[in-house]
Every structure is written in C-alpha cells, then in structure tokens.
There are 2 protein chains.
Amino acid sequence: MALSRTRAVRPAARQPRNAAADRAPTLQAAKAAQTRARLIDATVRCLVKYGYANTTTPKVAEEAGLSRGAMMHHFENGTALIKAAIAELHEKRLRAFRRAADRPEHEVTDLVETYWRQLQKPAFIAFHELAVAARTDADLASILSPLQEEFRAKFNAQAEQLFPEWLGSPNFALAMTLSQTILEGMAISLQTGGMEPAQVEPMLRHLEAQIRSLAPAA
Amino acid sequence: MALSRTRAVRPAARQPRNAAADRAPTLQAAKAAQTRARLIDATVRCLVKYGYANTTTPKVAEEAGLSRGAMMHHFENGTALIKAAIAELHEKRLRAFRRAADRPEHEVTDLVETYWRQLQKPAFIAFHELAVAARTDADLASILSPLQEEFRAKFNAQAEQLFPEWLGSPNFALAMTLSQTILEGMAISLQTGGMEPAQVEPMLRHLEAQIRSLAPAA
DNA sequence: AAAGACAATCATATCTGTCTTTTTTAACGG
DNA sequence: CCGTTAAAAAAGACAGATATGATTGTCTTT
C-alpha cells in the first residue's frame with residue numbers, strides 16, 4: 001500500500017463525512033457507513049492474506065466486491081483506508097479486553113487464556129503486519145505508535161483493576177511484560193514458522209505457573 | 001522485491017558460478033566474488049533500512065554503488081539475489097553459534113547473553129523481515145522454511161552439547177523454546193514499538209533465573 | 001581476439017491518484 | 001400515492017510513477 005502522501009493540495013473536497021452528518025441526522029445514506037465498514041473489513045482481510053506490502057487498492061476493492069472507483073468514493077485515497085483499518089483494529093483490541101474484564105470470574109490465568117485467544121484472531125496478524133511495516137515507514141509509524149502506547153497503558157490499567165492485589169507490587173510490570181512478550185512472541189513465531197506448534201501448550205502452562213509465583217501473597 | 005518467477009525458460013545461461021570455478025582456480029576475476037559479496041551485503045542492508053517490500057533492485061544497486069545492469073550481470077534476477085542473501089544470513093547465524101560454542105566458559109546464562117547479542121544485529125532484523133514476508137509468499141517460504149528448521153535443530157544440538165547435564169531432561173525443550181520465544185519476542189517488540197526498552201533488563205534477568213530453576217540437579 | 005564486468009536503455013506490467021460518466025436511490029412536491 | 005429530480009454511489013478511463021526482466025553496447029583484462 002505504501003501509504004504515499006497526496007502530492008497536490010486537494011481542494012478540500014469530500015471530507016470524511018461522519019456517518020451522522022451535521023444537520024441531516026438520519027439518512028438512508030447510513031448505508032454508506034455499512035459500505036465503509038465492508039471496505040475496512042476487506043482491508044483487514046487483505047492484510048492477513050497478502051501482507052501489508054501487497055495490500056493494494058485494487059485487491060481491497062475486489063475483496064469488498066466493489067469497483068475501485070466506488071471505493072475511492074468512500075475513501076479518497078489508500079492512506080485514508082489504512083488509517084480507518086488501523087483505528088478499527090485498535091478499537092477491536094480494546095473492546096475485546098473490556099469484554100474479558102466484564103466476565104465474572106477473574107482467575108489470574110484468565111488473562112493468559114484470554115489474551116492468547118486474542119492473538120489467534122486475524123486482527124493480531126494484521127496488526128503485526130502493520131507494526132513490521134511501520135518500522136521502515138515513518139508515516140505509518142506516526143499513526144501506529146500512539147495507539148500502541150495507548151493499548152499498553154489500557155492493558156496494564158485493565159489488569160491492575162482486575163487484580164488489585166498486585167497493586168504496588170514490583171513484580172507487576174514484569175509479569176505484564178513477560179505475558180505480552182511470551183504470548184505475542186509465540187503467536188508471531190507460529191505464523192512465521194519459527195517454532196513448533198507442539199511447544200505451545202507447555203509454554204502456556206509454564207507462563208501461568210510463572211505468573212502465580214510472581215503474584216504477591218493474596 | 002516480490003520474488004517473481006521468471007516467465008520464459010531462459011536458455012540455461014549464466015549459471016550461479018561458484019566463486020572458485022571448476023578448472024580456472026585462480027583468477028583476478030575473483031573480484032567477481034567480491035562484487036557478489038558487496039551486492040549481497042547491500043541487499044541485507046536494504047532489508048534493514050527499507051524492509052523486504054521496499055527492497056527493490058534499483059535500491060540494492062545504488063546501495064552497492066553499482067548500476068542495475070551490472071547487478072543483473074552477477075544475479076540474473078532479483079530472486080537469485082534474495083536467495084543468496086538468505087543463504088548468507090543463514091550461514092552467519094550458524095557461524096555465530098559455532099563461535100559461541102568455542103568459547104571456554106559455558107555458563108548456563110551465556111546462551112542467553114550470546115543469543116540476545118545476536119538478536120541486536122542487523123542480521124536478525126533482516127531475517128525477521130524475510131520471515132514475515134514469507135507468511136504471504138509461498139516461494140519465499142519454500143526457501144526459508146527448511147533453513148529455519150535446520151537452524152532450530154542446530155540451535156538445540158549446540159545447546160545440548162554445551163550443557164550435557166540437561167540431556168534427557170524433560171525441561172530441556174521447554175527451556176529452549178522459552179529462551180527463543182522471550183528473546184526473539186523482545187527483539188521484535190523493541191523494533192516494532194510494542195514494548196518499553198526499560199523492561200529489557202529485568203526480563204533478561206528473569207529469564208536467566210528461569211533457566212536455572214529449570215536446570216536438572218548438576 | 002575472447003570473455004567477463006559494467007553500463008545504458010527498452011518494453012511491459014502494475015499501482016496510484018484524479019477525473020468523467022453512468023446508475024441507483026432517496027427525498028420532495030404535486 | 002407517485003413520479004420527478006438531484007445527490008450519492010458505483011463504475012470506468014486516464015496519466016504519472018516505478019519496478020522488473022531483457023537487450024544491446026562499451027571497456028578492461030587475459
């Protein structure tokens with residue numbers, strides 16, 4: 001996709017057009033929002049199937065079952081589409097954690113299981129695809145970095161709220177980093193052929209034991 | 001780079017030409033080997049600087065200080081260049097381990113330190129760049145997969161040889177996977193902005209403690 | 001003279017952004 | 001209630017940029 005900056009200053013045409021426009025509150029043109037969602041979804045699917053580099057506007061349009069012209073009507077350029085997809089992925093990650101936090105039982109190892117399940121979903125693959133691309137793409141990085149920081153902060157806050165007994169423990173940050181590193185590292189290694197799938201289960205159980213041993217006396 | 005397969009069947013011209021050719025053992029034209037090495041080096045540098053997707057033949061040629069035409073003289077197409085770079089990276093990884101094994105002192109945690117240092121080098125970034133691209137590029141994957149498996153095997157064999165007391169321990173595989181996952185996961189997270197650098201040291205120390213506690217009674 | 005190293009150029013393919021044209025569809029007045 | 005109309009949606013066409021493989025030409029070395 002390459003995220004190229006628009007050369008000329010477009011005459012400010014076709015602004016993002018928030019679903020519920022200023023004065024016309026309800027419109028059948030709320031269907032536009034649905035189409036936009038369809039395009040964003042197609043973008044994420046393309047990220048997973050083709051990788052960031054090969055996620056081109058024609059491919060996304062085809063994946064969404066639309067013409068490229070129609071697609072450009074909803075997103076003025078490829079950058080806008082990627083931005084929207086990133087925002088969508090980010091919110092999806094946050095929502096998933098909120099859901100997990102709303103569950104009644106809060107076992108220490110629930111976080112591990114929940115996050116691991118998260119990492120199996122396409123959203124994580126797409127996000128990693130973007131994160132890797134951002135390493136050599138300053139524009140992409142400027143979009144992604146703040147969101148990554150926000151996610152880390154909310155992740156920690158969520159965990160702190162779920163397990164108040166950890167509050168103030170010097171082991172808290174370590175346990176968080178350990179969990180994230182191991183789980184995300186495994187997810188990536190699985191995708192890129194770096195590790196054998198048979199090792200996943202033992203690793204999960206070991207991590208759970210680790211966390212328990214790091215926990216302060218309840 | 002995209003690793004596209006050559007369409008027509010080239011008339012088998014210009015075979016790889018191993019540095020020391022069959023009968024003409026010594027030639028000043030061994031400079032060709034030097035140029036090839038320069039090109040391979042430039043390729044790795046480009047992988048780090050621009051990422052796999054943006055590592056194009058013009059960029060590599062420029063980085064090597066050669067014309068693209070000259071480059072095509074040494075590597076008939078971009079695929080051949082990438083293949084050579086992969087082989088180079090693979091051998092570099094293996095050599096680094098052999099060097100580490102030749103050192104006299106074999107502390108348990110030496111492996112951690114040594115591997116972690118390895119992961120800071122450009123070679124690992126380049127390799128991960130390739131591994132991620134291979135997820136959606138079957139041709140690249142067919143080249144990379146066997147090498148990854150070979151690396152894993154040699155990595156384990158090396159460790160087993162260095163620490164014979166682990167032999168037969170059910171914890172051995174776990175310790176190996178744990179080390180690889182944590183260290184590689186951290187290296188990637190650092191590159192992609194997924195974790196805070198301040199957390200690296202505590203993680204390294206924790207991993208070392210982990211390995212010690214997994215070790216069988218000496 | 002012959003071969004290899006190197007350079008320059010050509011032709012093709014694809015992606016991107018922009019512009020123009022057609023089709024659909026919702027809104028409004030008769 | 002329905003037909004007209006204007007805007008939105010969709011499709012298509014076009015030019016610029018860039019990457020790629022291939023071809024041809026030049027110069028040095030043996």
Side-chain angles (χ1 to χ4, degrees), chain A residues 1-17 19 21 23-39 42 46 50-62 64-82 139, chain B residues 1-11 13-17 19 21 23-39 46 50-62 64-82 139:
Chain A
M1 188 68 86
L3 208 51
S4 65
R5 192 175 300 298
T6 309
R7 275 175 296 282
V9 187
R10 283 288 284 288
R14 277 209 218 92
Q15 48 205 331
R17 169 181 299 112
R23 47 192 169 161
T26 71
L27 289 172
Q28 100 307 350
K31 260 204 171 171
Q34 186 185 351
T35 302
R36 287 172 62 91
R38 192 150 48 107
L39 282 166
C46 283
Y50 307 116
Y52 175 78
N54 301 325
T55 293
T56 64
T57 43
K59 291 233 189 73
V60 172
E62 184 194 359
L66 253 69
S67 75
R68 210 175 74 91
M71 161 176 158
M72 298 307 261
H73 172 70
H74 291 278
F75 295 92
E76 28 190 340
N77 55 35
T79 301
L81 188 62
I82 289 288
D139 292 333
Chain B
M1 189 68 88
L3 209 51
S4 65
R5 192 175 303 297
T6 309
R7 276 175 295 282
V9 187
R10 283 286 284 285
R14 279 209 217 93
Q15 48 206 331
R17 167 182 300 115
R23 48 189 168 163
T26 71
L27 289 173
Q28 107 306 346
K31 263 206 170 169
Q34 186 186 352
T35 302
R36 286 174 63 91
R38 192 149 49 106
L39 282 166
C46 282
Y50 308 116
Y52 175 78
N54 300 325
T55 293
T56 64
T57 44
K59 290 233 189 74
V60 172
E62 185 195 357
L66 252 69
S67 75
R68 210 175 73 89
M71 162 175 158
M72 298 307 260
H73 172 71
H74 291 278
F75 296 92
E76 28 191 340
N77 55 35
T79 302
L81 188 62
I82 288 289
D139 293 333

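Order of the sequence lines fixes the chain letters, A, B, ..., with proteins taken first and strands second; residue numbering starts at 1 for each chain. These numbers were taken from a predicted model, which means no experiment stands behind them.
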Identify the two heavy atoms, one from B:Leu39 and one from B:Ala64, that lie closest to each other, and give their separation to 0.1 Å.
-> CD2-CB, 3.7 Å
How long is the line joining CE of B:Met72 and P of D:dG25, in whole Å?
-> 19 Å
If we call it a pair only when both distances are under 3.5 Å in a Watson-Crick or G-U wobble match, what pairs with C:dG30?
-> D:dC1
Could you tell me the separation between the OG1 atom of B:Thr57 and the CG atom of B:Leu81, rounded to the nearest 0.5 Å?
-> 9.0 Å
side-chain contact (heavy atoms from CB on, under 4.5 Å) with B:Ala61: which residues, sequence neighbours excluded?
-> B:Arg68, B:Met71
Starting at CD of A:Gln34 and ending at C1' of D:dA9, how long is that distance when rounded to a whole Å?
-> 13 Å
Whole angstrom is fine here: how far is it from CG in B:Asn77 over to P in D:dT23?
-> 13 Å
Please state how far atom CZ in A:Phe75 lies from atom C1' in C:dG17, giving the value in whole angstrom units.
-> 16 Å
Can you tell me the distance, in whole Å, between the CG atom of B:Asn54 and the P atom of D:dT20?
-> 11 Å
Give the rounded distance in Å between these two atoms: CD1 of B:Ile82 and C1' of D:dT20.
-> 14 Å
Identify, with sequence neighbours excluded, every residue that meets side-chain contact (heavy atoms from CB on, under 4.5 Å) alongside B:Ala80.
-> B:Phe75, B:Asn77
When you compare the protein's N or O atoms with those of nucleotides 6-8 of chain C, which come within less than 3.5 Å of each other, and at what distance?
{"unit_1": "C:dC6", "atom_1": "OP2", "unit_2": "B:His74", "atom_2": "NE2", "d": "2.5"}
{"unit_1": "C:dA7", "atom_1": "OP2", "unit_2": "B:Ser67", "atom_2": "N", "d": "3.0"}
{"unit_1": "C:dA7", "atom_1": "OP2", "unit_2": "B:Ser67", "atom_2": "OG", "d": "3.2"}

Separation of C:dG17 P from A:Glu76 CD (nearest whole Å) | 10 Å
Side chain of B:Lys59, backbone of B:Asn54: donor and acceptor closer than 3.5 Å?
-> yes
Which whole-number value in Å describes the distance from B:Met71 CE to D:dT23 C1'?
-> 17 Å
Can you tell me how far the OG1 atom of B:Thr56 sits from the OH atom of B:Tyr50, to the nearest 0.5 Å?
-> 8.5 Å
